Protein chains: 2
Amino acid sequence: MDQDRSLPPVVERMWGREPASRRGPRPRLDLAMITAAAIELADADGIAGVSMAGVAARVGVAATALYRYIDSKEDLLTAMADAVAPLPPDPAGQPWRGYLAAWTRAQRDIMLEHPWVLTISPLVPPMGPRRLLWLDRLMAALDGTGLDDGERVNVASTLTGYALTDAAVAFAAGDPAYEKAGISGADDFGAALADVLDPEAYPHLSAAVRGGVFSGAVGWVDDEDFLFGLNLLLDGVEQLIARRGGVG
Amino acid sequence: MDQDRSLPPVVERMWGREPASRRGPRPRLDLAMITAAAIELADADGIAGVSMAGVAARVGVAATALYRYIDSKEDLLTAMADAVAPLPPDPAGQPWRGYLAAWTRAQRDIMLEHPWVLTISPLVPPMGPRRLLWLDRLMAALDGTGLDDGERVNVASTLTGYALTDAAVAFAAGDPAYEKAGISGADDFGAALADVLDPEAYPHLSAAVRGGVFSGAVGWVDDEDFLFGLNLLLDGVEQLIARRGGVG
DNA sequence: ACCTGAACACCGTTCAAGT
DNA sequence: ACCTGAACACCGTTCAAGT
């Protein structure tokens with residue numbers, strides 16, 4: 001039962017389970033060193049800056065030596081997505097709603113600081129020690145609300161998804177691809193769109209664009225927008241808690 | 001004002017604005033043909049199956065000829081993410097809540113059918129004709145609720161994000177990377193996790209895992225889970241509408 | 001047992017040359 | 001003006017050989 005349902009090798013290593021190597025020279029590296037180097041490269045040059053050769057050079061080793069520690073580059077990206085997360089905020093003594101808000105904001109901030117996470121995260125299930133610590137803390141914060149474990153997990157995944165979406169939208173507004181074309185903010189986004197939208201085919205949207213939906217001072221990136229959607233979710237959670245008879 | 005705030009070239013082409021070419025031989029291709037070929041490849045072999053050479057071969061042209069129509073592979077992916085969306089459901093005569101639910105589900109279904117969208121979508125702002133048609137229809141469905149344009153856009157982006165998250169989670173449960181390791185469903189996911197979780201460091205989560213959170217009959221992929229989070233959101237929207245004094 | 005260096009198959013993109 | 005073919009710089013990954 002222990003051997004049958006084993007985790008993927010990278011995940012095992014992310015949890016510190018290095019294979020017990022006995023004979024021969026001692027390893028010069030471990031997964032944490034490699035992951036840290038890769039994260040530094042990604043922070044500096046984006047995901048395109050992460051090549052096996054580049055990571056290897058940074059830890060002072062030949063490119064091919066990395067394959068002693070990971071099976072593939074994909075595995076490396078999986079480990080990066082977990083390791084980039086800092087420790088979650090401490091839920092001790094906090095009311096659930098305040099903690100969930102802080103938790104979600106902190107998770108979004110990770111992605112604003114490390115935009116490359118957006119390019120790997122969504123398809124990777126959170127099985128590493130860091131991401132699961134976040135999950136554990138959120139579950140703790142919901143003690144006393146009457147929500148069961150399954151509901152808590154669902155709340156966590158919904159909030160994680162929201163953080164991801166918000167970060168992606170915020171990032172898109174400043175996307176270099178659009179700056180290249182002379183569009184630098186929400187303001188120009190709307191103006192450019194107006195040129196192309198047929199009012200007959202897109203009646204509501206083109207009216208909204210002419211009305212200036214995308215021309216707000218800060219537009220998409222506005223903190224108000226983050227709170228808007230977040231409170232939508234938290235209101236929903238609050239209703240559920242009320243139904244379960246938990247305390248607010 | 002028309003020239004200054006121009007859209008990126010790909011986006012212009014997505015809107016059918018092919019450059020007016022006069023002299024010389026007529027083009028053999030257009031962006032739609034190229035995009036359709038790329039989508040077929042991605043559906044068949046995943047995003048890894050989409051190479052410039054492969055797409056070119058499928059439309060019967062040398063690899064380098066594609067650069068007459070797009071500036072880079074990234075542009076091609078942008079066009080694919082828009083073109084893969086079918087027409088949105090028709091909102092005519094539907095109550096807002098029912099339409100939003102159908103809209104969100106349909107959007108998630110796109111990603112379940114074309115999982116490769118998950119690997120490009122989150123960083124690409126929706127500026128193509130298809131994605132913006134979806135936005136227009138959702139805005140139409142909210143007529144009479146009292147929500148303003150900005151709020152409607154925020155609702156749309158939040159629901160889109162939710163659809164994306166749900167699809168990603170559902171997809172992760174069946175991720176080949178985990179099947180490779182002998183983990184085929186939610187059941188094994190939980191068992192594998194139990195081996196590695198330290199109950200002292202992860203008290204709530206390890207209790208939940210022992211309690212079988214991840215061992216439900218269908219687990220993550222359950223339709224119940226999709227509706228759970230969706231209703232959280234729609235309850236939030238409903239509260240907002242009530243505050244605005246709109247009709248349900 | 002760990003690491004290296006050479007090698008392989010493949011990739012996106014450029015550019016000059018053809019029509 | 002469109003398309004081709006050769007070429008370039010780079011990539012992830014393998015494998016035999018060294019210690």
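This structure is a prediction, so every number in the text was calculated from the model and none was measured. In what follows, chains carry the letters A, B, and so on, assigned in the order in which the sequence lines appear, proteins first and then strands, with residues in each chain numbered from 1.
Between the side chain of R13(B) and the backbone N or O of L31(B) there is no donor-acceptor pair closer than 3.5 Å. R131(A) places a side-chain N or O within 3.5 Å of a backbone atom of A81(A) that can act as its donor or acceptor partner. With hydrogens and angles disregarded, a donor-acceptor distance shorter than 3.5 Å links the side chain of D136(A) to the backbone of L205(B). At distances below 3.5 Å, at least one donor-acceptor pair connects side-chain atoms of W15(B) with backbone N or O atoms of M127(B). Y67(A) places no side-chain N or O within donor-acceptor distance of the main-chain N or O of S72(A), the cut-off being under 3.5 Å.
Distance OH (Y69(B)) to P (dC2(D)): 7 Å, rounded to an integer number of Å. In this structure, L29(A) atom CG and dA1(C) atom P are separated by 17 Å, rounded to whole Å. Protein atom CE of M52(B) is 16 Å distant from nucleotide atom C1' of dC10(D), rounded to whole Å. Distance CG (L77(A)) to C1' (dC11(D)): 14 Å, rounded to an integer number of Å. Rounded to whole angstrom, the span from the CD1 atom of I47(A) across to the P atom of dG12(D) amounts to 11 Å. Taking atom NZ of K73(A) as the reference point, atom C1' of dT14(D) lies 18 Å away to the nearest angstrom. Straight-line distance from the CD1 atom of I70(B) to the P atom of dT13(C): 8 Å, rounded to whole Å. Atom CD of E74(B) is separated from atom P of dC11(C) by 18 Å (rounded to the nearest Å).
In this structure, R105(A) forms no cation-pi arrangement with F226(A), as its terminal cationic atom is not both closer than 6.0 Å to the ring centre and no more than 45° off the ring axis.
Using a 4.0 Å cut-off between charged side-chain N and carboxylate O, D82(B) and R130(B) make no salt bridge.
At a non-hydrogen distance threshold of 4.0 Å, T64(A), Y67(A) from residues 57-68 of chain A come into contact with DNA chain D.
Considering only side-chain N and O atoms, R28(A) lies under 4.0 angstrom from the phosphate OP1 or OP2 of dT4(C).
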Exercise. Given side-chain contact (heavy atoms from CB on, under 4.5 Å), test V10(B) with D71(B) step by step and report yes or no.
Key: CA-CA 8 Å; V10(B) 223; D71(B) 285 344; over 6 Å; no
Quiz prompt | Secondary-structure string, 5' to 3', Watson-Crick or G-U under 3.5 Å, | for another-strand partners, for DNA chain C | solution = ||.|||||...|||||.||
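The aromatic ring centres of Y202(B) and W134(A) sit 6.0 Å or more apart.
Residue V55(A) is out of contact with every strand shown, counting any heavy-atom pair closer than 4.0 Å. Using a 4.0 Å heavy-atom criterion, one finds that P27(A) contacts the sugar-phosphate atoms exclusively.
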